[in-house]
Amino acid sequence: MTDRRWADRVGEDAHGVEHGFPHREAVRASLTALYRRLGPTGVGRYATSVAAADVALSPTEDPLLGATRAAGALVRHLRLPEARVVVSFRAMEHAATVELTAGPEYFVELNERFRTRTRDIGAALAHEITHVLLHRLDLRFPDAGRNEILTDVTTAYLGAGWLLLDAFRQDGVESQKLGYLTPEEFGWVLAQRAGLFGEDPSPWFTSAVAYEAWRRGRAEAERERRLPPLAGAGWTARHRYARERRLGRAAPGAPYAFDGGAPATGVTFPCPVCRQRLRVPAGRGLRARCRLCGTVLDCTT
């Protein structure tokens with residue numbers, strides 16, 4: 001197996017940072033790919049997020065020793081018992097790199113600036129060690145940009161990515177954003193995780209702007225869980241859906257698509273958990289079970 005090195009832009013000035021959901025398609029595809037690789041049982045092994053105390057460095061702790069300890073905690077959290085991560089600091093253009101070899105050791109280099117900004121070491125390591133996990137799972141996209149989005153989605157969905165969002169800060173003292181997702185996209189993935197495991201990450205955020213991004217991402221996730229043909233859709237959305245079903249075509253941008261003529265006899269829509277597209281008969285109330293993640297959905301199609 002050849003060596004692979006990832007050089008990550010995990011730290012950047014947050015002024016002028018992109019907001020919203022510009023990577024929506026890639027984020028959803030990443031979540032589906034993760035479920036296809038791990039299955040619902042595998043995802044369920046990550047029901048508890050990594051604790052801040054396990055990856056935070058104390059003010060008196062040696063940065064190298066602390067980073068090594070935090071790396072070990074993240075290796076255990078991501079269930080990589082065979083992977084020993086060797087951490088070092090050096091001056092470089094990028095914030096961090098990880099070298100993926102045939103094992104048994106993996107090497108993470110952190111930018112020298114993390115020696116004095118130890119608050120962000122856990123976040124940077126979370127992204128890099130998730131690269132190790134994806135390498136072990138042989139899960140990747142051909143495009144480098146989408147692969148980085150996959151890494152952020154996996155980090156967040158498996159319980160370590162709240163660190164990356166909490167490292168987003170915009171105040172009079174500091175301006176910084178970590179990761180490749182927008183803050184709101186991180187919030188959306190964390191909301192997907194919260195809906196699955198009943199977990200509320202809001203008490204963990206120390207950054208006010210990170211908390212607001214989590215709230216905006218959660219609001220978008222909740223809105224999506226109320227879209228037709230899901231039974232919880234609001235009256236206006238259901239009325240629009242029924243009219244489009246009679247015509248046999250969905251409006252541009254609709255999350256569902258019809259087939260079978262007018263009125264439509266079938267509808268496809270994304271599972272609200274794993275984003276795998278489902279096809280069910282149209283024109284009735286039913287319960288649909290996603291074959292990928294096992295979620296049972298009440299629908300009015």
Side-chain angles (χ1 to χ4, degrees), residues 20-21 23-52 77-79 126 130 149-166 168 179 181-205 210-234 237-238 254-256 268-278 280 286-301:
F21 303 91
H23 310 110
R24 191 185 300 265
E25 179 186 352
V27 169
R28 290 172 172 174
S30 295
L31 193 55
T32 303
L34 184 63
Y35 265 97
R36 285 176 178 164
R37 184 63 183 85
L38 291 182
T41 301
V43 170
R45 298 173 69 201
Y46 298 88
T48 303
S49 287
V50 67
H77 173 77
L78 291 173
R79 298 183 175 272
T130 302
I149 289 172
L150 170 64
T151 304
D152 275 347
V153 169
T154 301
T155 308
Y157 201 69
L158 299 187
W162 70 268
L163 294 164
L164 283 162
L165 179 54
D166 193 45
F168 171 48
L181 300 182
T182 69
E184 291 78 14
E185 287 168 341
F186 268 119
W188 183 89
V189 179
L190 291 172
Q192 294 292 106
R193 173 182 169 81
L196 179 66
F197 294 119
E199 184 180 72
D200 179 12
S202 57
W204 307 333
F205 293 116
Y211 176 74
E212 287 303 314
W214 144 251
R215 289 185 57 190
R216 291 191 292 271
R218 181 182 60 185
E220 177 64 11
E222 290 175 349
R223 183 191 71 83
E224 292 179 354
R225 286 194 284 267
R226 296 191 299 270
L227 293 174
L230 299 175
R238 285 190 287 110
Y256 46 81
T268 60
F269 65 99
C271 170
V273 175
C274 69
R275 315 311 297 181
Q276 170 79 12
R277 292 197 71 83
L278 312 177
V280 296
L286 54 83
R287 302 188 80 191
R289 184 179 186 275
C290 177
R291 292 184 178 181
L292 180 56
C293 68
T295 304
V296 177
L297 306 168
D298 290 319
C299 304
T300 303
T301 66

Engineer: Would you say the side-chain atoms of R79 pair up with the backbone N or O of R45, donor to acceptor, closer than 3.5 Å?
Structural biologist: yes
Engineer: Could you grab the distance from atom CG of L31 to atom CD1 of I149, nearest 0.5 Å is fine?
Structural biologist: 13.0 Å
Engineer: Check the orientation of F205 and W214. Use parallel for under 30°, tilted for 30 to 60°, and perpendicular for over 60°.
Structural biologist: tilted
Engineer: Main chain of A231, side chain of T300: is a donor-acceptor contact present, judged purely on distance under 3.5 Å?
Structural biologist: no
Engineer: Judged by atom type as modelled, is there a donor-acceptor pair below 3.5 Å linking the side chain of R277 to the main-chain atoms of T268?
Structural biologist: yes
Engineer: Counting distance only, does the side-chain N/O of W162 pair as donor-acceptor with the main-chain N or O of V50 below 3.5 Å?
Structural biologist: yes
Engineer: Between S202 and R218, is any side-chain donor less than 3.5 angstrom from a side-chain acceptor?
Structural biologist: no
Engineer: In this structure, which one of R24, R226, R215 forms a salt bridge (Lys or Arg N to Asp or Glu O under 4.0 Å) with E220?
Structural biologist: R24
Engineer: Could you point out which residue of E184, E222, E185 forms a salt bridge (Lys or Arg N to Asp or Glu O under 4.0 Å) with R216?
Structural biologist: E184
Engineer: Nearest 0.5 Å, what's the CG-CG distance between L292 and L278?
Structural biologist: 9.0 Å
Engineer: Hey, what do you get for CH2 (W204) to CG (D200), rounding to the nearest 0.5 Å?
Structural biologist: 8.0 Å
Engineer: Measure from the side-chain N and O atoms of T295 to the backbone N and O of C290, and report whether any donor-acceptor pair falls under 3.5 Å.
Structural biologist: no
